Asker: 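Let me give you the structure first, and then I'll get to my questions.
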There are 2 protein chains.
Amino acid sequence: MSTPTLPDPATPSFSPLYQQIKALILQSLQAGEWKPGEPIPSEMDLAARFRVSQGTVRKAIDELAAENLVLRRQGKGTFVATHAEQQVQYRFLKLVPDSGDTAAEGPAERTIVDCKRLRASADVARALALRTGDAVLQVRRVLAYAGVPTILEDLWLPGAPFKGLTAERLRASRGPMYAMFEAEFGVRMVRAEEKIRAVLPDAEQALLLDVAANTPLLSVERVAHTYNDTPMELRRGLYRTDTHHYRNDLG
Amino acid sequence: MSTPTLPDPATPSFSPLYQQIKALILQSLQAGEWKPGEPIPSEMDLAARFRVSQGTVRKAIDELAAENLVLRRQGKGTFVATHAEQQVQYRFLKLVPDSGDTAAEGPAERTIVDCKRLRASADVARALALRTGDAVLQVRRVLAYAGVPTILEDLWLPGAPFKGLTAERLRASRGPMYAMFEAEFGVRMVRAEEKIRAVLPDAEQALLLDVAANTPLLSVERVAHTYNDTPMELRRGLYRTDTHHYRNDLG
DNA sequence: TAGTGGTCTAGACCACATA
DNA sequence: ATGTGGTCTAGACCACTAC
């Protein structure tokens, strides 16, 4: 009944109480106090823990839910969001078949072309907030739909958090790669930004995607971030857009 | 002091009260009871009008604000969103210069190439929820940055709501086209969806964008909707991505 | 000073899921 | 029956804006 985990509400600090609560919950998420897919404590429990009203906790969780960090399920609880969810699988992949029938087409067939350790070039280092020459992993893979190679991806990961990642482990994993990152390396991708251009493939890329050298392709450069906006992946994708398109909703 | 504009809260219907309030406010927005840029009544006024608590009105407005239909300004009021706002200008345009310095580059130079009335083809009619052969307007324009033609747009508008739109009026208007649609035709674009592909230009397109015929370009097909998800514009853009890129944030 | 939206609380009741 | 999140209310106080 004495010092709460929290700055005294009587000294309102500078940010609203619910923002402070949100930050505290975020810290627990980041620290791994609750694992992806698991429920976090109920609103009442959190309210007691932080010595605020349930309504204040609710507003904090509302914002976390809006940012897709947690998932509310009525009657059951609030759960730590995960890329392994069936409903939100491939959250970051916006390429959809022209038919619009995502389900009929089934999951992509995935081929790991390559996975090697190397030293970060200047631009890779900049994107991952590393220093040039730091250890990184580079993965190249191809995704095919109905036997048609459609996506060629090169991705770079910081060496330290992904120590032990090999082509074999990539081939062995079933679901989305980001789900594997969560389960095996404790790295949760929370937000990403993409820069999209139209390009022509080089000879090797054309071969891997089975297209002519003059076929225009989407170049999608993605930087994915974990908590605190820490960049944890640089991904350069080449998308064929003869049977698929990149879909974007503008609110 | 008798019949409220609202179903009796004692008969809760099937959707939450705040959703019903939201729908009623939406109707007033759609009917033009308050014009773009103007304030809507205060939360207290709306609560009295609908005979619910201020908190319920607040939650309804919260959702409208999250959907960018209204804009809250502390201490001043809640305002009908508009495309003419300085801060949210070009809400739907995701092409940004590679330098990232949007401001330094200044607004685009706009050239109206063409504006004509014609009959809707099958695909245009489908996108605009019209019948093939219905009257539509077609506009073609080029946007240039620092003298470099960068965007070539063809857009189709339903004939009826845009009666009286001419190339002259387009050339005369200053701000974003969507702001002009609001002010001159009472049509507010609220939501849009885009399908993006990589393509090669035809001869005419290459000429207008001043690029070689084998230059890959982004094809951005946008359908913009007004209230009630009514499609009101089909726009096909060709973007040069040598100095700009399409930027997308994935939450 | 008055009015607006923003925060915080406390309590009642509802809808859903589980045991 | 119990516990969860979801809705609704009422009232107090804060922060910002305008006059």
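It should be emphasised that the depicted structure is a prediction, and the values quoted were computed from it without experimental measurement. Below, read A as the first sequence line, B as the second, and so on, with proteins coming before strands; counting in each chain starts at 1.
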Asker: Determine whether any donor atom in the side chain of A:Arg58 lies under 3.5 Å from an acceptor atom in the base of D:dG5, or the reverse, and answer yes or no.
Answerer: no
Asker: In a check of salt bridge (charged side-chain N to carboxylate O under 4.0 Å, His left out) between B:Glu153 and each of B:Arg236, B:Arg141, B:Arg222, which one passes?
Answerer: B:Arg141
Asker: Expressed as a whole number of angstroms, how long is the span from B:Leu64:CG to C:dG5:P?
Answerer: 13 Å
Asker: Less than 4.0 angstrom between a side-chain N/O of B:Lys59 and OP1 or OP2 of D:dT7, yes or no?
Answerer: yes
Asker: Atom CG of A:Leu46 to atom P of C:dT9: distance rounded to whole Å?
Answerer: 14 Å
Asker: Between A:Arg191 and A:Glu193, does any NZ, NE, NH1 or NH2 come within less than 4.0 Å of an OD or OE carboxylate oxygen?
Answerer: yes
Asker: If you check the B:Glu43 side chain, which of D:dT4, C:dG5, D:dT7 turns out closest?
Answerer: C:dG5
Asker: Let me know the distance between CE of B:Met44 and C1' of C:dA2, rounded to the nearest Å.
Answerer: 13 Å
Asker: Has A:Arg72 got a side-chain N or O lying under 4.0 Å from the OP1 or OP2 atom of D:dG6?
Answerer: yes
Asker: Report the distance from atom CG of A:Asp45 to atom P of D:dT4, rounded to the nearest whole Å.
Answerer: 6 Å
Asker: What contact category does A:Gln74 fall into here, base, sugar-phosphate, or nothing, at under 4.0 angstrom with non-hydrogen atoms?
Answerer: base
Asker: Find the distance B:Gln54:CD to D:dC13:C1' and express it as a whole number of Å.
Answerer: 12 Å
Asker: Please tell me which of the listed nucleotides, D:dG6, C:dC8, D:dC16, lies nearest to the side chain of A:Tyr18?
Answerer: C:dC8
Asker: So which one's nearest nucleotide on DNA chain C is more toward 5', A:Lys76 or A:Gln19?
Answerer: A:Gln19
Asker: Would you give the length of the straight line joining atom OG1 of A:Thr78 to atom CZ of A:Arg72, rounded to the nearest 0.5 angstrom?
Answerer: 4.5 Å
Asker: Take the protein atom CZ of A:Arg51 and the nucleotide atom P of C:dT9, then report the distance between them rounded to whole Å.
Answerer: 13 Å
Asker: Does D:dG3 have its OP1 or OP2 closer than 4.0 Å to a side-chain nitrogen or oxygen of A:Ser42?
Answerer: no
Asker: Less than 4.0 angstrom from a charged side-chain N to a carboxylate O is my criterion; do B:Glu184 and B:Arg169 meet it?
Answerer: yes
Asker: Could you tell me the separation between the NE2 atom of A:His245 and the NZ atom of A:Lys94, rounded to the nearest 0.5 Å?
Answerer: 10.5 Å
Asker: Round to a whole Å and report the spacing from CG of A:Asp62 to P of C:dT7.
Answerer: 12 Å
Asker: Which of these nucleotides, D:dC8, C:dC8, D:dG6, is closest to any side-chain atom of A:Ser53?
Answerer: C:dC8
Asker: In whole angstrom, give the distance that lies between atom NZ of A:Lys22 and atom C1' of C:dC8.
Answerer: 18 Å
